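Since the model is a prediction, treat every value here as computed from it, not as a measurement.
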Amino acid sequence: MSADFWAGYVSGAVGIIIGNPLDLVKTRLQAGSAQDASSGTSTAVAGPRSFKGQFENAGTLVRAPILGYGALNALLFMTYNRTLTFLGDSPSAPKSFAKVFLAGSTGGFASFVVSAPTELIKCRAQVATDRQATSWSIARQIWRKDGVRGLYYGGGITSVRDAVGYGFYFWSYEWCKQKWSSPDDTDRETAFKVLMCGGLAGIVTWASIFPLDVIKTRVQTQVLQPEPVRGGEQHTLLHAGGRQTHMGAIQIARHAFQTEGASVFFRGLGICSVRAFIVNAVQWAMYEWMMRILQQQ
């Protein structure tokens, strides 16, 4: 495999290990309160709880498919570099920010192959009330019930989120690095600037796609909901009787807006921004460091 594949893989795995505790909080805030379709009782897996209250046991801290995120990041960076080269620019020192954005979007869209099932498993593991639930047990459950198709549930909204988000991700990182860097920088100054540029790129990325991510999370973590029925002038979601189906992204967005207002699409943005800065600062530093070592060898 190429240097950018392994640099992307390791940096992605390190990033998810560091950021998973805060990602757990973000996902639960986005998901809202889940209803038990069979009993009609609220499990309240997410909501305005204290930070400490988000963790029922130590196991929740490691409910992340690390192998999946390593592969996702490897595919992302490799596709980005190949696309930018194909467009006639240099990944090490790109000159066109438009091409950087396009290459980043292409990489994000390509990573959907890995990100859709990985995100689905991660989100369901993070909101699970069963303390024995793990990423592997949830993956097996989905596979037995719906096969490959089940693993890609919510894949449409995930692919849009990734294409838009990673376009901004690479664009903001390269813009920041080029505007801030200087040929006279020492190794320490260069490392510091990589950390800062990576962190800022993470914040810009999540700010640009956060409403899409809220919808994606709710699509992937929803319990089985009965079909909406017309009652008066409003559609009411029933939780007993009737045929049960999943709601699509547009239905989820409409229902969230009607019941919780526009603020629901930014719930968890604060904790997500903190996580994004830390994780992406470390990821970019790890990626740049590994690329330098691997290319020298």
Closest approach of [X] and [Y], non-hydrogen atoms and distance?
X	Y	answer
Ile203	Ala276	N-CB, 4.0 Å
Ser115	Phe112	OG-CA, 3.1 Å
Val127	Ala31	CG1-CB, 4.0 Å
Gly268	Leu29	CA-CD1, 3.8 Å
Thr221	Cys123	CG2-CB, 3.6 Å
Ala285	Leu195	CB-CD2, 3.7 Å

Would you please name every residue forming a side-chain contact (heavy atoms from CB on, under 4.5 Å) with [X], sequence neighbours left out?
X	value
Trp175	Phe97, Lys179
Phe101	Ser105, Phe168, Trp171
Val274	Leu22, Ile278
Arg124	Leu120, Ile138, Ile142, Tyr153

Say you draw a straight line from [atom1] of [X] to [atom2] of [Y]; how long is it, rounded to the nearest 0.5 Å?
X	Y	atom1	atom2	result
Ile157	Ser159	CD1	OG	8.0 Å
Leu76	Asn81	CG	CG	9.0 Å
Phe210	Ser273	CZ	OG	7.5 Å
Gln251	Arg218	CD	CZ	14.5 Å
Trp180	Asp185	CH2	CG	9.5 Å
Ile121	Leu151	CD1	CG	5.5 Å

List in chain and number order the residues that pass salt bridge (charged side-chain N to carboxylate O under 4.0 Å, His left out) with [X], two or more places apart in sequence or in another chain; answer none if no residue qualifies.
X	value
Asp23	Lys26, Lys122, Arg275
Lys99	none
Glu189	none

Please answer whether the main-chain N or O of [Y] pairs with a side-chain N or O of [X] as donor and acceptor at a distance below 3.5 Å.
X	Y	result
Gln222	Val219	yes
Asp213	Ile209	no
Glu174	Pro94	no

Kindly give the cluster partners of Leu87, where membership spreads through any ILVMFWY side chain lying under 4.5 Å from a current member.
Phe86, Leu102

Would a single hydrophobic cluster contain both [Y] and [X], if residues Ile, Leu, Val, Met, Phe, Trp and Tyr are joined by side-chain heavy-atom contacts under 4.5 Å?
X	Y	answer
Ile18	Ile271	yes
Val14	Phe5	yes
Met196	Met286	no
Val279	Val25	no
Val160	Phe109	no

Does the side chain of [X] reach to within under 4.5 Å of the side chain of [Y], using non-hydrogen atoms?
X	Y	value
Val100	Tyr80	yes
Trp6	Met78	no
Leu200	Ser172	no

What salt bridge (charged side-chain N to carboxylate O under 4.0 Å, His left out) pairs are there with at least one residue in residues 76-98, not counting sequence neighbours?
Asp4-Arg82

So Tyr166 and Thr106, side-chain contact (heavy atoms from CB on, under 4.5 Å) or not? Walk me through it.
CA-CA 8 Å; Tyr166 284 119; Thr106 303; over 6 Å; no

Should we say atom CD1 of Ile250 is surrounded by more than 12 heavy atoms from elsewhere, each under 6.0 Å from it?
no

Pairs meeting criterion ring-ring contact (aromatic ring centres under 6.0 Å, His included) with involvement of residues 268-294, two or more places apart:
Phe77-Trp284, Phe77-Tyr287, Tyr169-Trp284, Phe170-Trp284, Tyr173-Trp284, Trp284-Tyr287

With sequence neighbours left out, the residues meeting side-chain hydrogen bond (donor to acceptor under 3.5 Å, both in side chains) with Ser11 are Asn73

According to side chain to side chain donor-acceptor pair (under 3.5 Å), does anything in residues 201-210 pair up with another residue at least two apart or in another chain? List the pairs.
none

In sequence, state the C-alpha distance, the side-chain angles, and the governing distance for Tyr9 and Leu75, and then conclude on side-chain contact (heavy atoms from CB on, under 4.5 Å).
CA-CA 8 Å; Tyr9 193 101; Leu75 181 60; over 6 Å; no

Say whether Lys216 and Gln220, considering side chains only, have a donor N or O and an acceptor N or O under 3.5 Å apart.
yes

